Visitor: 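Please see the structure below; I have some questions.
Quick caveat, the model's predicted, so the values are computed rather than measured. The chains referred to below are lettered A, B, ... by the order of the sequence lines, with proteins before strands, and numbering in each begins at 1.
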Amino acid sequence: MPKIEYANLDAEIEKLHSEGFTYLTKITAVDYVDHVEVLYFLRDIEKNKEIVVRSDLAPNYLRLKSIMHLYPAADWYERELSEMFGIDFIGRKTKRLLLEKWDGKGNPLRKSFTWGSKYEVQE
Amino acid sequence: MSETKINIGPIHPSTHGVLRLVVTVDGDTIKEVEPHIGFLHRGVEKLAESRMYMQNIVYMEKLDYAAPMAHQELYVSTVEKLLGIEVKERAEYVRVVLLELQRIASHLLWLGTMCNDIGQMFSMFMWTMRDRDMILRLLQEATGQRMFYVNMRLGGVNRDLPAGFEDDTYKVLDSIEHSLGEYKDFLESNPVFMERLKNVGVLSRENAIRLGVTGPVLRGSGIDYDVRRNSSYYKYTKLGFRPAVETGGDSFARYKVRMKEMQESISLVRKALEEMPKGDALGLPIKLIGAVPKEKEAIVKRELPRGEGMMYMVADKQRPYRLAIRAPAFINLAALDHISRGQRLADLFAILGSLDLVMADVDK
């Protein structure tokens, strides 16, 4: 499936949900430094079909609309992405991070985050 | 009555690792469960980006210490797809044998610990551990290691099955099949066991899809989805694999699914050993300096003992640029809040036990 324009992302997911892709397998992201790609793995369990919805985010504007009203399964994935990539999900009730066990700044799965001294962020 | 908050864990005998639950109760009826995770976070996904493809295999095993074989196979398959390496035919059979043995071992561990969780049945735990140990010995015979095998290689396995392995396996499988029948009679005629599982933690078909649960939890809610059949890999279709499905949706249905799966795995191992072709099953040596990825990215999914596992890998030259792991226990734990609302506090661990969690898998 070709990449979806950022502006059409929510409409596309809503459309797929109404077409029967009601099972969410995973939401994940990849940091390509000049952009962050976000991937939604959706599935139609009855017809055994799968689809990956992709979109690019600008690294200085990491915002997505929460899809929890369609897929309650998205809850923990969205929290994970907030913590690991710093993506802000709009329309969520709880903003609690997922692992929340560390005191550091930065988002570990961004490429700018390195294994330096304790939680050092290289900009 | 007013609502009270109770803190359970992070160290608690029934949380199977380090898991903290903040439970809101009204009387002893659960209003909300808030799992706090991350005590076991090692940053595997980030760690994988700094190691070469085959160096990562040891980390992947530690994702799930109850079924390391399944996780390393998932990872090695992802790398195989990325580098464009074909698996040898005999190796496919060897992998099916090892994976299904691992599934039985993992489910036996679950059966013992779940009986422990619902109380009184410590003897069950002893018996299932005895049976599990027989399988661990078989795996030790086949791979040289008892717990973390590091046995999968690109295109095959590190060691072929040793001489005499088949006879030993048949003996162990006969013995386990016999004990499984006994456990079944013993447990299902036990009123305490039935009372604690029947109609407890009911998850409806619709909610199972909405919450995205996976593996035996999904099939226990009446959804006929098993990766081994729905996106068939290795020889599962040829070996006549049939998924175990139950429609109850409660803890008892999840128990039945896993019991049936063990039975199915036993027949899969037997059949795979019978039909295994002669030839070479050895994979490439672990040193793979200068490997050139053929694909830009790879998505591989596998039916692990705890549910569907998936890895998404983006290629760099020598090491993964990004490795995203879908852990089955992670998403099953996310559904705990929904499943346990309205239940009694005492049933919380019966439900948690029926989800079969491994916290190392949840926290990554």
Visitor: Just so I know, are the side chains of A:Tyr71 and B:Leu211 near enough to count as touching, which here means a heavy-atom distance under 4.5 Å?
Guide: no

Visitor: Under a 4.5 Å heavy-atom cut-off, does chain A meet the side chain of B:Leu333, its backbone, both or neither?
Guide: both

Visitor: Could you tell me whether a side-chain N or O of B:Lys46 sits under 3.5 Å from a main-chain N or O of A:Pro108, the two making a donor and an acceptor?
Guide: yes

Visitor: Identify whether the distance between the nearest side-chain nitrogen and carboxylate oxygen of A:Glu83 and B:Lys364 falls below 4.0 Å.
Guide: no

Visitor: Would you mind checking which part of B:Ile325 comes under 4.5 Å of any heavy atom in chain A, side chain (CB onward), backbone (N, CA, C, O), both or neither?
Guide: backbone

Visitor: Please tell me if the side chains of A:Lys111 and B:Glu49 come closer than 4.5 Å, counting only heavy atoms from C-beta onward.
Guide: yes

Visitor: For the pair B:Tyr312 and A:Val52, evaluate side chain to side chain contact (heavy atoms under 4.5 Å, CB included) and give the outcome as yes or no after the intermediate values.
Guide: CA-CA 11 Å; B:Tyr312 169 70; A:Val52 187; over 6 Å; no

Visitor: Taking heavy atoms only and a threshold strictly under 4.5 Å, list by residue number the residues of residues 225-246 of chain B that touch chain A; give 'none' if the list is empty.
Guide: B:Tyr225, B:Asn230

Visitor: Does A:Tyr23 use its side chain to pair, donor to acceptor, with the backbone of B:Ile209 at less than 3.5 Å?
Guide: no

Visitor: Within the 4.5 Å heavy-atom criterion, are A:Phe41 and B:Lys301 side-chain neighbours or not?
Guide: no

Visitor: Measure distances from A:Leu39 to the heavy atoms of chain B and classify the residue's part below 4.5 Å as side chain, backbone, both or neither.
Guide: side chain

Visitor: Quick one: do B:Arg205 and A:Glu46 satisfy salt bridge (charged side-chain N to carboxylate O under 4.0 Å, His left out)? Show the steps, please.
Guide: CA-CA 12 Å; B:Arg205 198 187 145 85; A:Glu46 307 290 337; 2.9 Å; yes

Visitor: Should A:Glu37 and B:Val314 count as side-chain neighbours, where that means a heavy-atom distance under 4.5 Å?
Guide: no

Visitor: Work out which heavy atom in B:Gly212 is nearest to a heavy atom in A:Ala73; give both atom names and the distance.
Guide: N-CB, 3.8 Å

Visitor: Indicate yes or no: does A:Arg54 engage B:Glu297 in a salt bridge with an N to O separation below 4.0 Å.
Guide: yes

Visitor: Chain A heavy atoms under 4.5 Å from B:Phe330: which part of the residue, side chain, backbone, both or neither?
Guide: both

Visitor: Any residues in residues 25-35 of chain A near chain B, with a heavy-atom distance under 4.5 Å, and which are they?
Guide: A:Thr25, A:Lys26, A:Thr28, A:Ala29, A:Val30, A:Asp31, A:Tyr32, A:Val33

Visitor: Run the numbers on A:Leu109 and B:Arg322 for side chain to side chain contact (heavy atoms under 4.5 Å, CB included), then give the verdict.
Guide: CA-CA 9 Å; A:Leu109 287 180; B:Arg322 164 96 171 100; 3.7 Å; yes

